[in-house]
Protein chains: 2
Amino acid sequence: MRLVLASASPRRKELLSILGVEFQVFECDVDENIDIQCPHDYVMELAMLKARTAASKLPEDVLVIAADTIVYKNGILGKPVDREDAFNMIKFLQGSYHEVYTGIALYSSGGNIYKKGYERTVVKMKEMSHDEIEWYLNRNEYKDKAGAYGIQGTASIFIEYIQGCYFNVVGLPVSKLYSMLKEINAVNRLKIGLGGLKDDG
Amino acid sequence: MRLVLASASPRRKELLSILGVEFQVFECDVDENIDIQCPHDYVMELAMLKARTAASKLPEDVLVIAADTIVYKNGILGKPVDREDAFNMIKFLQGSYHEVYTGIALYSSGGNIYKKGYERTVVKMKEMSHDEIEWYLNRNEYKDKAGAYGIQGTASIFIEYIQGCYFNVVGLPVSKLYSMLKEINAVNRLKIGLGGLKDDG
């Protein structure tokens, strides 16, 4: 069984590599406008939509991993449409707490594997002055990031505190993913790092 | 005023680069056997010792940043001396909580700037089987790491949860460092990223 990551995100690709397994990347677009307000239901639904869409276009004997990440504070924050939108997002997030959710979906092209899960992390962002926000936006890291920031870059200066999985905030909670792969006994089948271990999952 | 990082760690170098300031690296060895049991006093004392030692060997008008990171669980865990030591450390840490402390010291070669601080992060490591520990050690990431793991690498699979600053666990809490640099008004003087901002720092 081959592993496929249904995501264009270089960060997810890098994080999945940590598992030490070979995989292919298959990008597929889905309509992200789904009518769900609950953050963890939203990310799991969207992840599953991505996984199913990718699986439907791939041959059998493929296990698709898909994920979706959002920032949540009084509602879902996705990716900013432009710099002004990004400014307003950071302005809204600074000086307080928000949550980050990533949904993960595993779906085999045969349809016999179907699993979803999510991770939630609380993030405390420091107070940022108007100029600090402008300076941050000048570094052009806000594009294509939920909530207009990437915790692994310059924004780390302004992240005071997190509670939960760090890699969830980056975009792929590898610890959760590893547990899910163990639950479907994929660790041995895919020869993920530990695959060589006879008495493991 | 020039900035100098008194550390041989490539991770610290990478993290300091996030601030967008130019700096030089100056490695200096100090005797890490100091008789302090309190984890935050230990890391701050050792960081200051590194900073002072480096400053004493450098010309004036230099601001030295030094740091020291330890893992704490019923006592201080430093770097493993060999693979067996690393195995015992991971065996001891897996399936439970521990703390990670990084002390930061700022010291100017003239001696007029003197500041220290620390960050504390709680880390929950998943249960790991004997074989998972062996597999982890085979990836050779345990060397030269306090507690025998690096959260940014393969160990991320086994980190369920953190509470606090992630970059503290990597080895340099950039958010704390940025605050300390602001407190000594170094942000403008060093033209750290935001240095161009007249009404900041």
Side-chain angles (χ1 to χ4, degrees), chain A residues 14-20 119-136 138-139 141 150-170 172-179 181-182 187 192-201, chain B residues 14-20 119-136 138-139 141 150-170 172-179 181-182 187 192-201:
Chain A
E14 198 182 317
L15 288 173
L16 186 56
S17 302
I18 290 176
L19 292 182
E119 195 69 62
R120 169 185 174 269
T121 303
V122 176
V123 178
K124 167 80 190 294
M125 204 180 266
K126 282 185 179 177
E127 280 187 24
M128 292 172 71
S129 67
H130 182 283
D131 288 339
E132 281 175 325
I133 300 176
E134 290 288 359
W135 174 75
Y136 176 66
N138 284 343
R139 299 197 75 160
E141 295 176 12
I151 193 170
Q152 68 281 10
T154 306
S156 60
I157 300 174
F158 304 107
I159 304 297
E160 191 172 324
Y161 180 98
I162 76 166
Q163 189 167 344
C165 174
Y166 167 80
F167 302 97
N168 174 38
V169 187
V170 181
L172 191 68
V174 283
S175 166
K176 175 74 183 176
L177 173 60
Y178 179 62
S179 295
L181 288 169
K182 267 181 150 179
V187 167
I192 288 174
L194 309 174
L197 306 174
K198 297 297 174 290
D199 34 63
D200 190 86
Chain B
E14 198 182 318
L15 288 173
L16 185 56
S17 303
I18 291 175
L19 292 182
E119 195 71 61
R120 170 185 173 269
T121 304
V122 176
V123 177
K124 167 78 190 296
M125 205 180 266
K126 282 184 180 179
E127 280 187 24
M128 290 171 73
S129 67
H130 182 283
D131 289 337
E132 281 175 324
I133 299 175
E134 290 290 357
W135 174 76
Y136 176 66
N138 285 342
R139 299 197 76 160
E141 295 175 14
I151 194 171
Q152 68 281 8
T154 307
S156 60
I157 299 173
F158 304 108
I159 304 297
E160 191 172 322
Y161 181 96
I162 75 166
Q163 189 167 342
C165 174
Y166 167 79
F167 300 96
N168 174 38
V169 187
V170 181
L172 191 68
V174 284
S175 167
K176 176 75 182 175
L177 173 61
Y178 178 62
S179 295
L181 289 169
K182 266 182 152 178
V187 167
I192 288 172
L194 309 174
L197 304 175
K198 297 297 174 287
D199 36 58
D200 190 86

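Quantities reported herein were computed from a predicted structural model and do not represent experimental measurements. Note on naming: letters A, B, ... go to the chains in the order of the sequence lines (proteins, then strands), and numbering restarts at 1 for each one.
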For chain A, which of B/Q152, B/E119, B/K126 has the most heavy-atom pairs under 4.5 Å? B/K126
Between the CG atom in A/L19 and the CD1 atom in B/I157, the distance rounded to the nearest 0.5 Å is 4.5 Å
Would you mind telling me which of A/L177, A/I162, A/T121, A/T154 has the largest number of heavy-atom pairs within less than 4.5 Å of chain B? A/I162
Would you please classify the geometry between the B/Y166 ring and the A/Y166 ring as parallel, tilted or perpendicular, with 30° and 60° separating the classes? parallel
Is there a side-chain contact between A/I159 and B/S175, using heavy atoms and a 4.5 Å cut-off? no
Between CZ of B/F167 and CD1 of A/I151, what distance do you get to the nearest 0.5 Å? 5.5 Å
Quick one: which of A/K176, A/H130, A/Q163 has the most heavy-atom pairs under 4.5 Å with chain B, could you say? A/Q163
